[in-house]
J.: 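Sending over a structure as structure tokens; questions will come in a sec.
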Amino acid sequence: MSVKDNLNKIKSELPEGVTLVAVSKTKPNEDILEAYEAGQRVFGENKVQEMVQKWEDLPKDIEWHMIGHLQRNKVKYMAEFVSLIHGVDSPRLLKEINKHAKKHDRVIPCLLQIHIAEEDTKFGLDEKELNELINSDVFKAMENIKIVGLMGMATFTKDEKQVRREFAQLKSMFDALKTKLSYISILSMGMSGDYNIAIEEGSTMVRIGSSIFGARNYL
Ligand SMILES: *Cc1c(COP(=O)(O)O)cnc(C)c1O
């Protein structure tokens with residue numbers, strides 16, 4: 001199946017209110033343009049340099065999402081154009097984003113990444129760190145970032161129950177946060193292997209790569 005066919009099939013399955021981020025990391029511009037011509041405008045990348053290059057090369061009405069783990073010293077390269085940063089997991093990173101957003105006279109929307117997986121390898125805040133962050137004076141003083149939601153990755157496992165449990169845990173943290181910050185609206189969870197479960201558990205944004213563009217080749 002072509003990129004266009006894959007994309008249309010996935011889009012036809014998504015309920016209303018669930019945004020599709022087409023994860024184009026490692027994929028060439030031709031593949032992105034094929035999805036673009038089929039109507040897709042939101043793309044996700046996990047390396048800043050690669051995203052900057054694609055932003056320069058491709059149509060300017062594409063919304064670029066940074067979905068990967070982000071180093072503070074890379075924020076400056078994308079502050080001008082990034083539409084949403086999914087993986088914010090420390091106050092220091094948030095401060096750096098705020099600083100560079102200010103230079104460009106922008107407010108950059110961000111998602112806080114929450115650690116839900118049982119495996120140790122995934123980044124993110126736990127519930128206590130999340131609450132400390134949003135209650136801190138430093139956070140309240142930052143005018144050029146806006147926390148619009150949460151993001152999380154489930155354990156990479158065939159155990160569907162475990163994946164469901166982890167997504168449900170993130171959803172309940174999302175609901176609790178909404179009662180404190182009324183503008184919280186995005187719950188980014190679900191990838192190629194688990195987006196159906198994520199949607200059943202309340203996802204509003206899925207990040208799908210290989211089911212659209214095919215397997216990635218890492219050289
Ligand atoms: C690569 C990546 C995805 C997409 O993964 P697929 O399994 O190819 O759909 C989603 N989220 C993050 C954070 C990623 O790094």
Side-chain angles (χ1 to χ4, degrees), residues 1-14 18-28 31-32 34-35 38 40-52 54 62-71 74-75 78 82-90 93 97 109-125 148-160 162-164 166-167 170-171 174 186-219:
M1 288 228 295
S2 65
V3 167
K4 184 181 170 192
D5 292 340
N6 292 336
L7 184 71
N8 285 336
K9 180 173 175 291
I10 290 168
K11 281 204 301 198
S12 72
E13 292 167 7
L14 295 183
V18 177
T19 302
L20 172 62
V21 180
V23 176
S24 49
K25 62 191 188 197
T26 79
K27 296 296 174 183
D31 289 8
I32 298 175
E34 189 178 342
Q40 182 66 22
R41 290 294 179 273
V42 182
F43 292 87
E45 292 284 335
N46 71 338
K47 297 231 160 53
V48 174
Q49 238 145 343
E50 186 178 343
M51 186 171 77
V52 169
K54 287 172 173 174
I62 288 178
E63 287 178 33
W64 292 104
H65 288 199
M66 175 44 59
I67 62 168
H69 186 68
L70 184 56
Q71 288 169 321
K74 301 281 174 64
V75 171
M78 62 175 190
V82 67
S83 293
L84 181 64
I85 301 177
H86 289 235
V88 180
D89 64 355
S90 77
L93 178 57
I97 297 167
C110 296
L111 305 179
L112 294 174
Q113 183 166 356
I114 306 298
H115 181 97
I116 50 169
E118 277 163 28
E119 37 191 20
D120 282 340
T121 51
K122 303 219 163 125
F123 299 101
L125 305 163
V148 292
L150 300 179
M151 178 270 207
M153 291 167 85
T155 303
F156 190 71
T157 171
K158 285 202 168 70
D159 183 350
E160 209 177 280
Q162 181 179 349
V163 171
R164 193 177 288 286
E166 291 172 359
F167 284 146
L170 184 56
K171 173 66 159 70
F174 173 75
I186 298 175
L187 180 55
S188 168
M189 61 183 197
M191 321 186 0
S192 291
D194 58 19
Y195 71 90
N196 286 315
I197 303 174
I199 289 168
E200 284 167 13
E201 296 302 326
S203 171
T204 72
M205 185 173 275
V206 290
R207 309 174 309 271
I208 301 181
S210 42
S211 292
I212 297 172
F213 296 107
R216 285 177 290 274
N217 297 311
Y218 286 107
L219 297 173

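All ligand and atom numbering here is 1-based and tracks the order in the structure.
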J.: Report yes or no: does H69 contribute a side-chain atom to a donor-acceptor pair with the main-chain N or O of Q71 at less than 3.5 Å?
T.: no

J.: What is the ring orientation for W64 with F43, classed by angle as parallel under 30°, tilted 30 to 60°, or perpendicular over 60°?
T.: tilted

J.: Would you mind finding which of K25, K47, M189 brings a heavy atom closest to atom 3 (C) of ligand 1?
T.: K25

J.: Does the N or O separation between S192 and ligand 1 drop below 3.5 Å for any pair?
T.: yes

J.: Would you check whether G209 has a nitrogen or oxygen atom less than 3.5 angstrom from a nitrogen or oxygen atom of ligand 1?
T.: yes

J.: What part of R216, side chain from CB on, backbone N/CA/C/O, both or neither, has a heavy atom under 4.0 Å from ligand 1?
T.: side chain

J.: Tell me whether T155 contacts the main-chain N or O of T157 through its side chain, where contact means a donor paired with an acceptor under 3.5 Å.
T.: no

J.: With a 6.0 Å cut-off (strictly less than), is the heavy-atom count around CD of Q162, excluding the residue itself, greater than 12?
T.: yes

J.: Check whether any side-chain N or O of R207 sits under 3.5 Å from a backbone N or O of S188 as a donor-acceptor pair, and report yes or no.
T.: yes

J.: Would you mind running through ligand 1 and noting each atom that sits below 4.0 Å from a heavy atom of I208?
T.: 9 (O)

J.: Excluding sequence neighbours, so at least two apart, what forms side-chain hydrogen bond (donor to acceptor under 3.5 Å, both in side chains) with K9?
T.: E13

J.: Relative to the heavy atoms of R207, which atoms of ligand 1 are at a distance of less than 4.0 Å?
T.: 4 (C), 9 (O), 10 (C), 11 (N), 12 (C), 13 (C)

J.: Would S211 count as being in polar contact with ligand 1, using the rule that some N or O on each side must be under 3.5 angstrom apart?
T.: no

